[in-house]
Amino acid sequence: MRLFTTVAGLRCYLKSVQKKQPVATDSAESTIGFVPTMGALHTGHLSLIERARQENQIVVVSIFVNPLQFGVNEDFGRYPRTLERDRALCEQAGVDVIFAPTVAEMATVPPIQTRVQPPAEMMSGLCGVVRPGHFEGVATIVTKFFNLVQPDRAYFGQKDAQQLAILQQVVRDLNLPVTIVPCPIVREPSGLALSSRNQYLSDEERIKASALYRGLSQAEKLFRSGERVSATLVQAVKQELEKVPSLQPEYIELVDPMTLKSLDTVTDEGLLALAARLGSTRLIDNTILRDRRPIIAIDGPAGAGKSTVARSVAKQLGLFYLDTGAMYRALTWFVLEAGVDLRDEPAVAELAHQCEIDFQTDTAIPVVLVNGQDVTQAIRTPEVTAHVSTIAAQAAVREALVKQQQSYGRRGGIVVDGRDIGTHVFPDAEVKIYLTASIQERARRRQLDLKSMGQPAANLADLEQAIFERDRKDSTRTISPLRKASDAIEIQSDAMSVADVLNTIVSLYQEKTASLSLDSLEI
Ligand code: AMP
């Protein structure tokens with residue numbers, strides 16, 4: 001691991017690693033994952049680093065207590081600075097580079113002249129009320145870091161939900177070439193969200209502070225039982241907080257998670273956010289209230305039977321099988337129709353953003369629509385089959401179609417299979433399955449399949465070698481590499497029939513939905 005304190009050192013390092021990397025579609029092209037922090041690292045930060053480690057070849061962590069984001073009476077002076085300990089934690093977590101510049105190096109003293117100004121209406125509510133200038137300071141320094149590190153992905157905690165929404169807006173508005181990856185809140189067993197500022201709390205205060213999470217949980221339960229009126233949900237939090245008189249709420253609000261606009265009622269999603277003071281410490285926490293049916297994500301290596309299983313699970317549970325393969329076929333058809341060279345990635349990227357794919361699900365066989373046109377048959381031609389892998393291997397295509405999949409998923413009630421559904425496409429899926437089988441078993445199944453299709457008999461050893469190679473390629477590819485989510489349930493299906501796997505997943509789904517409704521009964 002390297003540690004740089006100067007822009008010159010960091011830039012020189014990044015240039016040297018980038019030069020070594022081949023730039024080729026779906027090959028071992030390196031991506032940079034970036035985790036900006038203020039140090040005093042805890043398990044929350046480490047969860048971001050772990051995610052960045054899983055998804056990128058190079059992981060850069062910045063440690064910088066940014067004076068621009070502290071108000072005059074805030075804790076800039078006493079904010080914990082524990083570089084040596086942070087360094088050891090980063091080393092253990094497999095970080096490649098720590099960038100820990102001085103305040104002078106970041107030109108924040110005297111204050112930098114150019115500022116990034118996020119939308120006033122996103123900064124004026126929630127924490128912005130008592131922290132004027134804070135989000136402008138965050139947006140300015142983060143943009144500066146983006147320019148220095150030039151990451152492909154940057155990881156931010158949902159813990160700072162307002163910061164996350166504002167940075168997403170800045171990235172969209174300025175077309176910054178980075179994908180923001182939101183990461184779930186990590187909590188202590190008591191429910192208290194981890195924070196570097198928890199170090200300010202006494203043991204007694206820590207116990208008291210857990211009331212914040214209990215308050216949010218009360219509102220979550222109420223929401224699950226059908227309550228949608230913001231005032232009632234906020235009141236549920238208030239009531240819980242009132243049980244701890246020393247906890248002084250600053251705000252408890254329900255807003256749209258993207259725009260941060262206040263909500264009177266929650267239709268699809270709401271961000272229930274709060275801040276409270278406990279002694280001299282200011283604490284924040286939040287939860288997303290989401291009204292959607294569950295998503296089942298099934299990942300695993302090729303030949304493990306994912307799509308067969310996913311289709312039967314969907315059928316059995318009355319959910320929709322989101323056929324991502326059909327989406328890649330639909331785009332391939334669209335590109336062929338346009339007469340564009342399939343290898344012309346920029347042209348294909350343009351088309352990918354003009355190709356709106358939809359499914360009509362009220363028919364026995366779902367109808368696939370491209371910009372309203374029925375292409376259900378057209379996407380199954382040998383010509384499309386022959387070209388779909390060329391299209392699917394392009395980064396811009398993946399990005400565009402993942403966005404469409406995610407917008408489809410907003411409604412929930414879907415089963416999706418792939419290689420990175422639970423880690424990348426739907427990291428908040430309610431049920432995540434990693435379906436696998438040994439190479440030998442997958443080779444044996446493949447041999448049977450070929451036989452049943454009347455194809456020439458294939459040698460088992462050759463099939464095993466081909467599957468081994470495919471696994472290696474799938475786990476190391478830059479675009480959508482095969483990954484098992486840390487919260488996925490692994491099903492090793494060597495000794496299981498399709499029906500066994502189906503029953504296992506259906507039971508897991510039923511347990512999950514039962515536990516959700518049980519929660520709501522406990523109020
Ligand atoms: P900070 O060092 O407080 O600026 O935080 C750096 C990053 O870690 C931000 O993206 C935070 O949202 C994230 N983070 C802080 N605490 C947590 C937590 N408990 N769970 C998940 N992410 C967190």
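Keep in mind that what you see is a predicted model, and the values were worked out from it rather than measured. Counting starts at 1 for both ligands and their atoms, in listed order. Position 1 is the first residue of the sequence; numbering continues from there.
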Report task. Go through the steps to decide whether Phe34 and Phe156 satisfy the test side-chain contact (heavy atoms from CB on, under 4.5 Å), and finish with yes or no. Result -> CA-CA 9 Å; Phe34 176 45; Phe156 290 90; 5.9 Å; no
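Figure legend: cation-pi geometry between Arg81 and Phe76, with NZ or CZ positioned under 6.0 Å from the six-membered ring centre and within 45° of its axis.
Annotation: ring-ring contact (aromatic ring centres under 6.0 Å, His included) contacts of His134 (sequence neighbours excluded): none. Every residue meeting the side chain to side chain contact (heavy atoms under 4.5 Å, CB included) condition with Ala488, not counting sequence neighbours, appears here in chain and number order: Lys432, Tyr434, Lys484, Ala485.
Ligand 1 is surrounded by Pro36, Thr37, Met38, His42, Gly44, His45, Leu48, Tyr79, Phe156, Gly157, Lys159, Asp160, Gln163, Pro184, Ile185, Val186, Leu194, each with at least one heavy atom closer than 4.0 Å.
Around atom CG of Asn147, more than 12 heavy atoms belonging to other residues, nucleotides or ligands sit under 6.0 Å away.
Residue pairs that meet the ring-ring contact (aromatic ring centres under 6.0 Å, His included) test with at least one member in residues 403-428, sequence neighbours left out, are Phe320-Tyr408, Phe359-Tyr408.
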